[in-house]
**Student:** 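Got a structure here, written out as structure tokens. Questions coming.
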There are 2 protein chains.
Amino acid sequence: MNKLPEKTIGRLSEYRRTLLNCLAKGKTHIYSHELASLHNITPVQVRRDIMLIGYSTTLKKGYDVKALIDVIGDIIDTEDGLNAAVIGIGNLGKAITAYFNGKRSKLRIVATFDVNPDKTNRVISGVKCYAMADFEKMVKDLDISIGILTVPPEEAAQVTERLIMSGIKGILNYTSTSLNVSPNVYLEEYDMITSIEKVAYFVKQQNKES
Amino acid sequence: MNKLPEKTIGRLSEYRRTLLNCLAKGKTHIYSHELASLHNITPVQVRRDIMLIGYSTTLKKGYDVKALIDVIGDIIDTEDGLNAAVIGIGNLGKAITAYFNGKRSKLRIVATFDVNPDKTNRVISGVKCYAMADFEKMVKDLDISIGILTVPPEEAAQVTERLIMSGIKGILNYTSTSLNVSPNVYLEEYDMITSIEKVAYFVKQQNKES
DNA sequence: TTTTTATTGTTAATCAATTAACAATGTTTA
DNA sequence: TAAACATTGTTAATTGATTAACAATAAAAA
């Protein structure tokens with residue numbers, strides 16, 4: 001199962017979220033067009049994504065919700081799961097930690113880090129906050145491979161250096177500083193201002209049309 | 001200036017962020033390859049994006065930082081600016097409000113909303129929080145056209161109904177509920193779990209390779 | 001049972017985005 | 001000044017993603 005398109009990975013994660021909701025509601029099967037309309041995409045796209053991960057059903061009563069969840073899990077998750085840390089426990093760090101905490105058994109936020117001594121050595125949003133001074137040690141002790149960066153922008157570059165040096169393999173960067181990392185570290189960046197500006201641009205376009 | 005690719009809009013927003021930093025540091029000109037390496041993309045892509053917005057320079061000493069900022073502003077911003085509101089002022093809502101506040105003159109968060117009476121009628125993260133009960137009135141009074149949704153997932157669908165009914169034209173959805181909106185409303189969705197799972201997937205892939 | 005309908009899986013076609021290639025032309029160096 | 005170099009702007013080629021089209025077939029209706 002090599003080389004799935006990046007876009008497909010994102011959608012699979014979203015499908016699973018929806019499928020877990022369906023399961024909780026007792027829904028056992030779901031049609032491609034149902035899944036599609038829940039995500040504002042076409043049924044063909046859903047079927048194609050599902051084809052790519054090698055799941056199929058002989059029935060014409062939609063996909064087996066439980067089975068599909070498992071197959072997506074085989075793609076996205078690792079057997080033992082991965083450990084992540086949130087670096088910088090301000091409002092955004094707290095939001096992510098609290099929101100994520102316990103939602104995915106194969107992906108855990110096992111630590112948060114901050115420089116502020118008022119925050120360290122306490123449990124915040126359900127996870128213990130360590131001092132940045134202990135970062136390298138804790139990465140080893142807790143086998144952390146993913147860093148979620150929510151520090152102030154001016155500290156981002158320097159903190160990233162430490163993440164990479166300590167052996168972190170994937171970084172999700174929420175600071176408004178673009179980072180450069182070595183090619184063996186996966187980097188995903190997200191800037192909220194850009195997202196808001198995109199919405200603003202399309203609102204502007206719509207206003208022009210009418 | 002019609003029909004720029006969506007991806008280009010996102011990058012223009014990011015270029016501007018970087019250019020504003022350059023300006024603050026006193027840098028007056030920037031090469032396409034500099035801008036490119038700051039964003040982990042190719043110089044060609046930068047030049048192409050800039051071509052698409054109709055800016056060009058006769059010099060071979062890079063782009064004029066100030067001029068480029070202005071041209072990007074002409075594309076993204078409206079003359080009078082647009083007003084946005086954050087709906088649901090938990091940790092994430094607070095993070096966005098505080099982070100964004102005052103950063104862009106043509107895009108303002110003018111109100112936040114919540115159902116919790118402990119939060120309403122107070123200034124939170126620098127912006128006044130109103131009761132959800134007053135939502136429709138305040139959208140009119142403050143001319144709000146963009147809604148940033150940070151309410152609990154189970155309330156997302158119902159709140160979205162109200163946003164659309166009240167005339168909101170663009171929605172940025174940070175809840176983990178996929179929304180359906182009429183085609184004249186622009187919707188951008190972002191789920192943090194999906195982003196973390198994407199990082200996890202690529203970390204897994206990398207581990208497999210080695 | 002037979003026919004109709006609905007749904008999946010998949011290939012081919014289209015559309016969108018990125019990258020390569022290169023002409024034009026300032027700028028720098030010899 | 002002349003030659004070498006670096007940089008931009010742009011078209012063409014390539015790559016990647018989405019959508020259309022349709023065969024196969026289970027399910028439902030007649």
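Labels below follow one simple rule: chain letters A, B, ... track the order of the sequence lines, proteins then strands, and each chain is numbered from 1.
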**Student:** Under 3.5 Å, which donor-acceptor pairs link side chains of residues 65-73 of chain B to any protein atom two or more places apart or in another chain?
**Tutor:**
none

**Student:** Okay, side chain of B:Gln45, backbone of B:Ala36: is any donor-acceptor separation there less than 3.5 Å?
**Tutor:** no
**Student:** From C:dT11, C:dT8, D:dA17, pick the nucleotide closest to the side chain of A:Ser32?
**Tutor:** C:dT8
**Student:** Report yes if at least one side-chain N or O of B:Lys61 is closer than 4.0 Å to OP1 or OP2 of C:dT28; otherwise report no.
**Tutor:** yes
**Student:** In whole Å, what is the span from the CD1 atom of B:Ile53 to the C1' atom of D:dT10?
**Tutor:** 16 Å
**Student:** With nearest nucleotide decided by heavy atoms, which residue, B:Tyr63 or A:Glu6, maps closer to the 5′ end of DNA chain D?
**Tutor:** B:Tyr63
**Student:** The side chain of A:Val44 is closest to which nucleotide in this list: C:dT8, D:dG9, D:dA21?
**Tutor:** D:dA21
**Student:** Would you please confirm or rule out a distance under 4.0 Å between OP1 or OP2 of C:dT19 and any side-chain N or O of B:Thr42?
**Tutor:** yes
**Student:** Is the shortest side-chain N to carboxylate O distance from B:Arg17 to A:Glu197 below 4.0 Å?
**Tutor:** no
**Student:** Identify which nucleotide among C:dG9, D:dA17, C:dT8 has an atom closest to any side-chain atom of A:Lys7, counting heavy atoms from C-beta outward.
**Tutor:** D:dA17
**Student:** Yes or no on side chain to side chain contact (heavy atoms under 4.5 Å, CB included) for A:Thr160 and A:Ile171, after CA distance, side-chain angles and deciding distance?
**Tutor:** CA-CA 8 Å; A:Thr160 301; A:Ile171 296 175; 3.9 Å; yes
**Student:** In whole Å, I'd like the distance from the CD1 atom of A:Ile9 to the P atom of D:dG16.
**Tutor:** 15 Å
**Student:** Roughly how many Å is it from OH in A:Tyr31 to C1' in D:dA28, rounded to a whole number?
**Tutor:** 11 Å
**Student:** Roughly, in whole Å, what's the span from CG in B:Asp49 to C1' in C:dA16?
**Tutor:** 14 Å
**Student:** Quick one: A:Leu52 CG to D:dA17 P, roughly how many Å, whole number?
**Tutor:** 10 Å
**Student:** Could you tell me how far apart A:Asp64 (CG) and C:dT8 (P) are, to the nearest whole angstrom?
**Tutor:** 13 Å
**Student:** Using atom NZ of B:Lys3 as one end and atom P of C:dC15 as the other, report the distance to the nearest whole Å.
**Tutor:** 15 Å
**Student:** When you check the side-chain N and O atoms of A:Ser176 and B:Tyr99, is any donor under 3.5 Å from an acceptor?
**Tutor:** yes
**Student:** Can you tell which of C:dC22, C:dT27, D:dA21 lies closest to the side chain of B:Arg47?
**Tutor:** C:dC22
**Student:** Below the 4.0 Å mark, does D:dT8 have OP1 or OP2 next to a side-chain nitrogen or oxygen of B:Ser56?
**Tutor:** no
**Student:** Which sits closer to the 5' end of DNA chain C, B:Thr58 or A:Pro43, going by the nucleotide each is nearest to?
**Tutor:** A:Pro43
**Student:** Under 3.5 Å, is there a donor on one side chain and an acceptor on the other for B:Asp49 and B:Tyr15?
**Tutor:** yes
**Student:** Choosing from C:dA20, D:dA28, D:dT19, which nucleotide comes nearest the side chain of A:Arg48?
**Tutor:** D:dT19
**Student:** With nearest nucleotides of DNA chain D determined for A:Arg11 and A:Leu59 from heavy-atom distances, which residue corresponds to the more 5′ nucleotide?
**Tutor:** A:Arg11
**Student:** Distance check needed: C:dT18 C1' versus B:His39 NE2, whole Å only.
**Tutor:** 17 Å
**Student:** Counting only side-chain heavy atoms from C-beta out, which of C:dG9, C:dT19, D:dA24 sits nearest to A:Lys60?
**Tutor:** D:dA24
**Student:** What does B:Thr8 touch in the nucleic acid at a heavy-atom separation under 4.0 angstrom: a base, only the sugar-phosphate, or nothing?
**Tutor:** nothing
